[in-house]
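To start, the structure under review is shown below, and the notes come after it.
We name chains A, B, ... by the order of the sequence lines, and we start the count at 1 in each one.
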Amino acid sequence: MAENTAPQTTDGEGRVIIRTVGLKKSYIMKDVVTEALRGVNMEIFTGEFISVMGPSGSGKSTFFNMIGALDSPTTGRVFIDEVDVAQLTAEELAYLRCHKIGYIFQSYNLIKYMTALENVTTPMAFGGVQPDQARERGMDLLDLVGLKERWHHRPIEMSGGQQQRVAIARSLANNPSVLLCDEPTANLDLHTGQDILNILRKLNKEKGVTIICATHDHRMMDICDRLMWIRDGQIDRIARRDEVHVEVGGIGGMDE
Amino acid sequence: MKKEINVANQPWLGFSRIIQITVDGIRYRLFRASVTVAVIAVAVAFLMNILSESLIKRSVARDTRDRIHEMRLILDWSSRLTTPGNPESVLREVARSTPGGPIYQEVAGMAGLDEATMTAFHQKCSQGNSYLDFFANLDYAKRRNLIHTATGIGIFRRLQTPNGMEQFTKSLADIHSIRFTTSLDDLNTFLTDWGKLQVQLQAVVAARAKAVAQIRQQLAGKPITDALADATGSFGDTVRQAGFVFDGETVAPLVASQAQAELDVKRLQESMDSNACKQLIAQRANVLPADVNVIMMWKYLGNAKFATRYLERMKQENEKAIAYEQKMKNAPPKAEGETKATIDDTEQGTRLNVAGLVPERLVELAEARDMQASLLRAERLTVGAGLGFMGLGERLAWLLFVSLLVCGIGIANAMLMTVTERFTEIATLKCLGALDGFIMLMFVLESSFLGVVGGVIGAILGALIGLSRMLAAFGLNFAGAIPATDIVVAVFASVAMGMLLAGIAAVLPSFKAARLAPMEAMRIE
Ligand SMILES: Nc1ncnc2c1ncn2[C@@H]1O[C@H](COP(=O)(O)OP(=O)(O)OP(=O)(O)O)[C@@H](O)[C@H]1O
Ligand SMILES: [Mg+2]
């Protein structure tokens with residue numbers, strides 16, 4: 001299925017940056033086995049902006065955790081830049097998570113006892129950036145998401161949307177090559193959501209950051225290169241945006 | 001193939017930044033942290049309390065033993081100078097004496113033994129003593145199996161008979177749980193020589209009896225205590241002439257002063273015969289004169305002002321008694337009935353020996369009595385100290401072990417709680433590129449820090465409680481026996497203990513969480 005959406009869609013470069021082979025994940029809780037992913041084969045190319053869609057509980061977040069090297073698959077393999085994630089040492093994994101991949105979690109996962117600025121600068125500190133430099137860059141990032149005035153606030157003192165924006169700023173801390181966004185606009189109003197989308201698009205177009213984005217937001221379809229539908233832990237369909245727009249009436253039922 | 005993602009090793013985070021993150025975390029969870037600190041403090045305080053009390057008890061026990069031994073010098077010498085003892089007591093005494101020591105020399109001198117004979121004698125006595133100890137420590141059933149009803153040196157007599165020996169060897173082979181102190185061959189040689197040894201012992205007893213007779217002659221019916229009060233003077237010489245080793249420099253002055261004290265105490269206690277004296281105390285203690293007893297008297301005499309007053313009253317009574325006697329002698333004898341009517345109780349007085357008594361002496365005696373009472377109390381309270389682990393006594397050592405366990409489990413529980421609460425945080429930090437080592441270090445640092453704070457609070461608290469409890473139990477007389485250095489070392493040890501336990505308790509769960517993939521850690525409840 002992945003093959004028919006050819007590389008030519010992606011700025012001509014067409015290098016595979018993330019590839020999954022027969023990816024399966026089942027959660028075992030006592031006797032109940034939940035199969036969250038049932039064999040996903042997927043290729044994502046450098047500089048691509050791809051939207052992942054699917055009903056709630058279809059396995060989007062699970063898929064993100066796998067390709068972000070945050071969780072180990074039950075079977076199957078994940079290659080990041082043609083390197084098998086399972087082969088990496090703990091130090092290399094930490095480096096990968098710190099410098100190369102940015103994560104925006106569905107539940108933000110901010111550190112509770114750190115201020116907004118500290119949350120943003122923590123990945124930089126892990127990456128070895130000097131504190132002064134980290135501070136400066138952290139303020140720039142907060143400015144980018146419109147929270148410059150709130151840099152000293154703790155997560156508990158901020159609204160859901162504001163926390164989400166801090167999480168976005170944090171994901172950009174070390175100029176990642178790949179950005180994994182789990183519902184980045186879910187808690188934002190139309191206007192702010194649009195701002196965030198603009199930022200993502202700009203990152204994608206100007207810096208060539210590969211963006212993988214789980215969303216229910218229809219506007220995302222306007223800016224992404226490809227769309228991928230997941231249903232019951234399996235890829236339902238993958239399509240280029242232009243293809244989708246042609247048959248726009250048909251997808252209404254598919255999405256959500 | 002050119003790779004955009006060049007995987008490298010993640011660098012280590014600066015130590016100051018780790019500390020900063022750790023401290024931020026603690027500050028944010030200040031309440032939770034203070035609860036943890038409190039748990040650690042209580043656990044360490046418990047440990048430290050037991051430890052400090054054990055140490056104080058151990059040291060007090062040592063101190064008491066020495067002081068009580070000294071206190072009983074007068075009793076020792078009173079009996080030594082008046083009774084010659086028997087072969088068995090001589091055997092034990094010689095066995096316990098150190099070669100060259102006073103008893104050793106005294107026995108050698110009195111019985112006229114040369115050095116070689118004395119050495120052999122001493123050695124034989126020690127052997128015999130070890131046998132007697134062995135039989136004394138057996139329980140009744142085993143003892144009866146081995147030697148029937150024989151006791152003391154009667155045991156040797158029984159073992160010398162063929163029947164007695166046969167029963168002994170057979171039972172010894174049957175009862176596997178006991179081990180004899182020496183080989184049976186050694187026992188046999190000892191028994192062969194027993195007759196000779198007995199003769200030697202008898203000779204010592206005879207020599208002693210002679211010396212005692214000499215002393216008795218000198219005493220001429222005077223109580224021994226009276227004579228011993230003069231131990232530094234001529235009586236000391238008499239004792240030495242009789243053949244006793246009685247050191248004029250070290251032992252005699254102690255014995256003399258103790259004898260004097262005993263005499264003075266007796267004189268003071270005789271004042272309890274006087275109603276007028278009793279009245280003085282009764283006024284103070286707010287009781288009836290008839291209820292005044294010796295204990296009240298000593299308490300009253302502990303105060304210098306009262307002691308002066310009391311001595312004054314004693315002198316008055318004595319003078320009154322002398323005057324009355326005089327008057328009775330001069331007055332013409334009266335008929336029976338008449339006498340009873342004219343005798344006035346308040347006029348009669350009581351003969352009291354107040355010669356040489358001064359108020360300071362009264363206070364001194366009262367204090368010495370107090371000290372003796374507290375010594376005896378301390379001896380009772382420290383029974384068993386000196387045995388077991390570190391000389392702490394078996395009970396205390398066991399208590400210490402239990403408190404260590406309680407301390408360990410308390411701290412481990414507190415730390416486990418704080419770490420497990422934070423698995424989400426661990427997972428998030430890992431997602432942001434934290435190394436496993438960083439996460440562990442962060443937690444170990446945090447809990448060690450809490451451990452140190454809790455440990456210091458607990459150790460000081462525990463030491464203070466232990467100290468005041470022990471002071472209350474033993475009295476201020478023993479303030480000098482408090483082992484200050486030991487307690488300081490114990491404080492440091494308990495702080496280290498708290499820190500170490502807290503650190504270890506944090507290592508295990510954080511190691512478990514840090515090793516997992518971030519999302520797996522996030523899923524741990
Ligand atoms: N920790 C877990 N233990 C057990 N089952 C889980 C766990 N996490 C997810 N699942 C199950 O895996 C399936 C996929 O979950 P996932 O979170 O990937 O869905 P999703 O597509 O992200 O949904 P949403 O749009 O609501 O975020 C669901 O059926 C869910 O019940
Ligand atoms: Mg999800």
Side-chain angles (χ1 to χ4, degrees), chain A residues 15 17-18 27 29 46-47 61-62 64-66 68-72 80-83 85 88-103 105 107-115 118-119 122-128 130-131 154 156 170-171 173-174 176-178 208 210, chain B residues 1-33 418 421-442 446 511 514-525:
Chain A
R15 231 160 29 76
I17 191 161
I18 292 173
Y27 296 109
M29 296 168 70
T46 42
S61 298
T62 309
F64 271 51
N65 292 342
M66 295 301 144
L70 299 182
D71 206 348
S72 47
I80 297 181
D81 211 11
E82 300 302 340
V83 178
V85 171
L88 296 178
T89 64
E91 284 80 10
E92 288 169 337
L93 273 174
Y95 181 87
L96 185 73
R97 291 172 191 141
C98 183
H99 294 265
K100 297 303 173 189
I101 307 180
Y103 306 92
F105 297 100
S107 48
Y108 325 138
N109 287 350
L110 298 177
I111 310 279
K112 289 199 277 298
Y113 55 86
M114 290 183 184
T115 62
E118 282 168 346
N119 261 296
T122 297
M124 298 185 212
F126 288 147
Q130 288 306 310
R154 296 242 160 80
I156 232 172
R170 181 179 69 181
S171 71
N174 286 326
S177 311
V178 179
T210 311
Chain B
M1 185 200 254
K2 198 188 111 220
K3 286 182 184 176
E4 200 195 321
I5 297 177
N6 295 308
V7 181
N9 275 348
Q10 177 81 332
W12 259 87
L13 195 60
F15 195 66
S16 59
R17 179 79 180 125
I18 296 181
I19 291 190
Q20 193 198 329
I21 290 178
T22 311
V23 171
D24 276 356
I26 295 174
R27 276 198 357 232
Y28 179 75
R29 289 179 303 271
L30 203 58
F31 180 73
R32 187 74 182 79
T418 39
E421 271 173 1
R422 295 169 62 194
F423 278 162
T424 323
E425 187 192 323
I426 293 178
T428 311
L429 286 172
K430 277 204 81 165
C431 292
L432 301 180
L435 286 170
D436 302 357
F438 159 77
I439 288 168
M440 283 183 59
L441 188 62
M442 178 174 138
E446 170 166 342
F511 179 67
R515 259 178 39 230
L516 293 174
M519 284 304 148
E520 276 166 22
M522 194 100 67
R523 276 197 295 272
I524 299 176
E525 289 302 311

Side-chain H-bond candidate by donor/acceptor type, A:Glu118 with A:Tyr113, under 3.5 Å: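 The answer is no; no qualifying pair exists.
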Contacting region of B:Leu516 [heavy-atom separation from chain A under 4.5 Å]: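 B:Leu516 has no heavy atom closer than 4.5 Å to chain A.
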Aromatic ring proximity, centroids under 6.0 angstrom, A:Phe126 and B:Phe438: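 B:Phe438 vs A:Phe126: aromatic centres under 6.0 Å.
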Pick from A:Asn109, A:Leu110, A:Leu70, A:Thr89 with the largest number of heavy-atom pairs that fall under 4.5 Å of chain B: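 Most heavy-atom pairs within the cutoff with chain B belong to A:Leu70.
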Residue, of A:Gly128, A:Pro123, A:Ala173, A:Pro131, that accumulates the most heavy atom pairs under 4.5 Å with chain B: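 Looking at each option in turn, the highest pair count goes to A:Pro123.
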A:Asp81 vs A:Lys100, salt bridge (charged side-chain N to carboxylate O under 4.0 Å, His left out): CA-CA, chis, key distance, verdict: CA-CA 11 Å; A:Asp81 211 11; A:Lys100 297 303 173 189; over 6 Å; no
Salt-bridge present (B:Lys430, B:Asp436; N to O < 4.0 Å):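 Yes.
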side-chain contact (heavy atoms from CB on, under 4.5 Å) between B:Leu429 and B:Met442, intermediate numbers included: CA-CA 11 Å; B:Leu429 286 172; B:Met442 178 174 138; 3.9 Å; yes
Contact origin within A:Ser171 toward chain B - heavy atom pairs under 4.5 Å: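 No part of A:Ser171 comes within 4.5 Å of chain B.
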Heavy-atom proximity to chain B below 4.5 Å, by part of A:Ile111: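 Just its side chain gets close to chain B.
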